[in-house]
Amino acid sequence: MTYCNEILELPLAQADHEISGLIDDERERQRTHIELIASENFVPRAVMEAQGSILTNKYAEGYPHKKYYGGCEFVEKIEEIAIERAKKLFGAEHANVQPHAGTTANQAAYFTVMKPGDTMLAMKLDQGGHLSHGHPLNFTGMLYKIVSYGVDRETETIDYDDVASLARKSRPKVIVAGASAYPRSIDFARFRKIADETGAVLVTDMAHIAGLVAGGVHENPTPHSHFVTSTTQKSLRGPRGAFVLCTEEHAAALDRTVFPGIQGGPLLQAIAAKAVCFKLAGEPEFKIYAEQVIKNAAALGLALRERGFRLVSGGTDNHMVLLDLRSRRITGKAAERVLEEAGITSNKNAIPFDPEKPAVTSGLRLGSAAVTSRGMKEGEMKEIARAIDEVLSSPEDAMTARRVRSRMADLNAAFQLYKSL
Ligand SMILES: *Cc1c(COP(=O)(O)O)cnc(C)c1O
């Protein structure tokens, strides 16, 4: 029997009906639901095209001009462009665009400057930090001695005096600034001062706010940090992927940590998509987008407050609102579920000093990056706040859920995306 390569030409719907059908289902969900998950976004079509391209066929271990494979003349140009754009966008001396994910980007920064057993000072996970900032089941919790700072009980904002005193006491090798659930801006200069005073390396993890930084609506951590790590898929509106920025001093060591230290071949299709993302994030339209993300989060937070919800820290400076649901007598877990039924996607999240377990929580994290990409503005945020209030006021009422769900689908229909996809 001769090999028939017709299979290579089959469209997805014919090659794999099951997966194709599920992608269609997911497209329909994205089309009809209001997307409020703070770490999600809708990427430009150009980013998807690059990520779904023939670049997936290429191996290119190593760095531009030092690749370990033949045939890299075009892909290394793509990688060079991605590196140059990342450096320019954030004003960095060096960039590595190969990390596959945010957790891996953090691993790259940590491995470059820490040995197992060293001490790392990062934000408490139940007060906003990320798994890769010291969770016991994460490699950070396994390899390093973790000391954690938190927020002030009154203001619910980072207690910088606590950070300073913990740093003086524990003399960490690395201090991590940055969070996954923190609605306020972060004072990077203050973090750097503490790092310098105690001889620590400052790693800023800007995964959530990278788009706000690129758009000039949040202070840029790059001039203050030895390393900056980030994902590209959140507010930056790029592919699922990550990168690390650092000062020249750490450049060669960082590159060695990424490859051959913790990764093999880079994902060229993702790197091309990151390059596109960096280009678009440097354009004037992106600044307008980032400004609207902030305005929308503020409008959503204000409208919810007017409806009696308590906002952790009293408000927001970024793309995120963290609701304390205790006064509404509903847990984060239950709220996430009933809102999903009503066509609003969000996630439960611990609030500072949360009495509930991490799998239940008393909080709900909402973000404005994705709905802003659809083109929604302050008026729509008020609509969404009203819907959230209605659903959470009668969480057991299936009629309310159904009514809101159809209203939310209508709202999304007025802000369509990917018309031809
Ligand atoms: C999302 C996030 C990450 C990790 O990203 P993954 O790509 O999911 O590994 C790291 N740090 C922070 C602060 C994040 O919010």
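These numbers were taken from a predicted model, which means no experiment stands behind them. Both counts, for ligands and for their atoms, begin at 1 and track the order of listing.
- Any N or O atom pair closer than 3.5 Å counts here, and T103 shares at least one such pair with ligand 1.
- For ligand 1, the atoms lying closer than 4.0 Å to a non-hydrogen atom of A101 are 7 (O), 9 (O).
- Those atoms of ligand 1 with a heavy atom of A207 less than 4.0 angstrom away are 2 (C), 11 (N), 12 (C), 14 (C), 15 (O).
- Checking E40 against Q233 by side-chain atom types alone, no donor-acceptor pair falls below 3.5 Å.
- Residue K234 places a heavy atom under 4.0 Å from ligand 1.
- Below 3.5 Å of separation, one finds no N or O of T231 facing any N or O of ligand 1.
- Of the possible polar contacts, none joining the D152 side chain to the D159 backbone as a donor-acceptor pair under 3.5 Å is found.
- For the salt bridge (Lys or Arg N to Asp or Glu O under 4.0 Å) criterion with E197, the lone passing option out of R168, R190, R192 is R168.
- The aromatic rings of Y69 and Y59 lie parallel to each other, with less than 30° between the two planes, well short of the 60° mark.
- At the top of the distance list for atom 3 (C) of ligand 1, counting protein heavy atoms only, stands H130 NE2, 3.3 Å.
- The shell of residues lying under 4.0 angstrom from ligand 1, judged by heavy atoms, includes A179.
- Checked by atom type, the side-chain pair H100/R240 shows no donor-acceptor distance below 3.5 Å.
- Of all atoms in ligand 1, listed by their number and element, those nearer than 4.0 Å to a heavy atom of Q233 are 7 (O).
- For the 3.5 Å distance criterion, the side chains of S327 and R310 fail to qualify, holding no donor opposite an acceptor.
- In this structure, a donor-acceptor pair under 3.5 Å is absent between the side chains of H208 and N318.
- Taking atom 12 (C) of ligand 1 as the reference point, the nearest protein heavy-atom neighbour is D205 OD2, 3.3 Å.
- Ranking the protein heavy atoms by distance from atom 7 (O) of ligand 1 puts G102 N, 2.9 Å first.
- Side-chain contact, N138 with H130: no donor N or O sits under 3.5 Å from an acceptor N or O.
- Set against the non-hydrogen atoms of H208, the atoms of ligand 1 under 4.0 Å away are 15 (O).
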